[in-house]
S.K.: 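Okay, handing you the structure first.
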2 protein chains.
Amino acid sequence: MPHKKEIELFASHIRRKNLKHTEQRTQILKTFLETERHLTAEELYVSVKRKYPSIGYATVCRTIKVLCECELCRELKVEDGVSRYEHLYGHEHHDHLICTSCGSFTEIMSPEIEKLQEKLAAENEFALTRHSLELYGICKKCNH
Amino acid sequence: MPHKKEIELFASHIRRKNLKHTEQRTQILKTFLETERHLTAEELYVSVKRKYPSIGYATVCRTIKVLCECELCRELKVEDGVSRYEHLYGHEHHDHLICTSCGSFTEIMSPEIEKLQEKLAAENEFALTRHSLELYGICKKCNH
DNA sequence: ATACCTGCAAATGTTTTGCGACTAA
DNA sequence: TTAGTCGCAAAACATTTGCAGGTAT
């Protein structure tokens with residue numbers, strides 16, 4: 001059974017928060033886990049709707065919130081103003097290369113940059129809680 | 001005369017693009033140049049309206065676009081989804097510390113981080129055009 | 001039984017656009 | 001004269017919310 005841990009995490013969050021285990025939530029979680037990362041709420045909605053046509057967009061948005069609360073999902077805000085959602089559980093922190101031609105997201109990570117960010121924050125006596133780093137440009141594929 | 005260069009830059013952009021030199025644009029430019037940085041369109045609108053009550057919000061938004069085109073202004077997209085605008089002319093590239101308590105923006109710059117970003121992009125054969133780095137947390141003042 | 005949940009439509013909040021009147025060049 | 005501009009109201013767009021009916025526990 002794929003995503004066993006994630007499904008258990010979701011179930012225990014549901015229990016802990018006195019929420020209800022509904023077919024809609026199950027379908028949204030399943031589709032989210034099965035799908036490539038960095039999708040928009042709209043994309044997830046369309047995807048779920050294929051298997052569960054009665055689903056409403058609002059339910060998808062509300063369930064994404066629950067997924068974020070239990071740390072299965074992370075919201076990314078990028079420059080087009082549309083939120084994207086990616087898997088968080090079991091994934092190391094990372095930033096992104098975002099191709100402005102094909103819209104692809106590539107995960108990147110630099111421990112040196114992380115350290116330098118902390119140094120900058122410390123120099124400004126700033127209590128860092130999180131950061132957002134995106135590099136925009138043209139990806140390898142689009143550059144042929 | 002303050003902001004002489006900026007006003008000339010704006011005027012020459014106006015000429016080059018066959019736009020017109022209107023009182024509204026003059027007022028918006030003036031207020032933008034005189035005001036602390038990182039304001040929203042709404043804040044700039046309110047500010048201009050004080051001296052020029054007939055101004056419309058749409059005109060402010062349209063003029064901000066022109067300011068960005070002639071590189072007097074840079075648009076920042078941050079996590080609250082509201083665009084902020086800052087002075088660009090004569091300002092070195094920088095990133096921001098953003099206080100989630102008081103909303104203040106502090107400019108930061110690290111040549112090492114810039115270099116590492118270029119290195120990351122190169123490693124991924126990614127043609128970097130720009131980036132966005134914001135550090136969120138609590139600023140010195142708010143942390144008393 | 002009773003919280004909680006759902007889908008829908010309406011509201012929200014920001015930014016953009018269509019339009020008829022107006023104005024700079 | 002005429003292309004470009006203005007202010008207004010409406011549209012756009014993603015996301016959120018109110019609500020009445022439905023469902024899990």
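Just so it is clear: chains get the letters A, B, ... in the order the sequence lines come, proteins before strands, and each one is counted from 1.
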S.K.: Over how many whole Å does the gap from A:Ile55 atom CD1 to C:dC8 atom C1' extend?
M.R.: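 Atom-to-atom, A:Ile55 to C:dC8, this comes out as 13 Å.
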S.K.: A:His13 and A:Glu8: side-chain donor and acceptor closer than 3.5 Å?
M.R.: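 No donor-acceptor contact under 3.5 Å links the two side chains.
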S.K.: Please check the phosphate of C:dT23 (OP1 and OP2 only) for any side-chain N or O of B:Gln24 closer than 4.0 Å.
M.R.: no
S.K.: Counting only heavy atoms and a strict 4.0 angstrom limit, can you tell me which residues of residues 28-36 of chain A come near DNA chain D?
M.R.: none
S.K.: Would you kindly give the CZ-to-P distance between A:Arg15 and C:dC4, to the nearest whole Å?
M.R.: 17 Å
S.K.: Between C1' on C:dG13 and NZ on B:Lys77, what's the gap in Å once rounded to a whole number?
M.R.: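 So the NZ-C1' distance, B:Lys77 to C:dG13, works out to 14 Å.
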S.K.: Find out whether A:Thr63 and A:Leu29 are in side-chain contact, i.e. whether some heavy atom of one side chain is under 4.5 Å from a heavy atom of the other.
M.R.: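 No, too far: nothing below the 4.5 Å cut-off.
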S.K.: Whole angstroms only, please: what is the CD-P distance between A:Glu43 and D:dA14?
M.R.: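 About 11 Å, once rounded to whole Å.
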S.K.: Ignoring hydrogens and geometry beyond distance, is a side-chain donor-acceptor pair present between A:Gln24 and A:Thr26 at under 3.5 Å?
M.R.: no
S.K.: Measure the distance from CD on B:Glu69 to C1' on D:dG4 and round it to the nearest whole Å.
M.R.: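 That distance rounds to 14 Å.
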S.K.: I'd like to know if A:Glu86 pairs up with A:Arg74 as an ion pair, taking the criterion as any Lys NZ or Arg NE/NH1/NH2 lying under 4.0 Å from an Asp or Glu carboxylate oxygen.
M.R.: yes
S.K.: Can you give one letter per nucleotide of nucleotides 15-25 of chain D, 5' to 3': B if a protein heavy atom sits under 4.0 Å from the base, S if only from the sugar-phosphate, - if neither?
M.R.: BBBB-----BS
S.K.: In whole angstroms, how far is the P atom of D:dA3 from the NZ atom of B:Lys17?
M.R.: 19 Å
S.K.: Which pairs count as salt bridge (charged side-chain N to carboxylate O under 4.0 Å, His left out) when at least one residue sits in residues 101-128 of chain A, sequence neighbours excluded?
M.R.: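 For residues 101-128 of chain A: A:Arg37-A:Glu107, A:Glu112-B:Lys119, A:Lys119-B:Glu112, A:Glu125-B:Lys140.
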S.K.: Tell me the closest heavy-atom pair linking A:Leu33 and A:His87, and the distance in Å.
M.R.: O-CE1, 3.2 Å
S.K.: Between C:dT2 atom C1' and A:Asn18 atom CG, what is the distance in whole Å?
M.R.: 12 Å
S.K.: Check the distance between C:dT14's P and B:Glu79's CD and give it to me in whole angstrom.
M.R.: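 Atom-to-atom, B:Glu79 to C:dT14, this comes out as 16 Å.
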S.K.: May I ask you to check whether over 12 heavy atoms, not counting those of A:Glu71, lie within 6.0 Å of atom CD?
M.R.: no
S.K.: Taking CD in B:Glu36 as the centre, count heavy atoms belonging to other residues, nucleotides or ligands within less than 6.0 Å. Is the count above 12?
M.R.: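 Open: at most 12 neighbouring heavy atoms sit under 6.0 Å from CD of B:Glu36.
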S.K.: Examine the side chains of A:His131 and A:His93 and answer whether a donor and an acceptor come within less than 3.5 Å of each other.
M.R.: yes
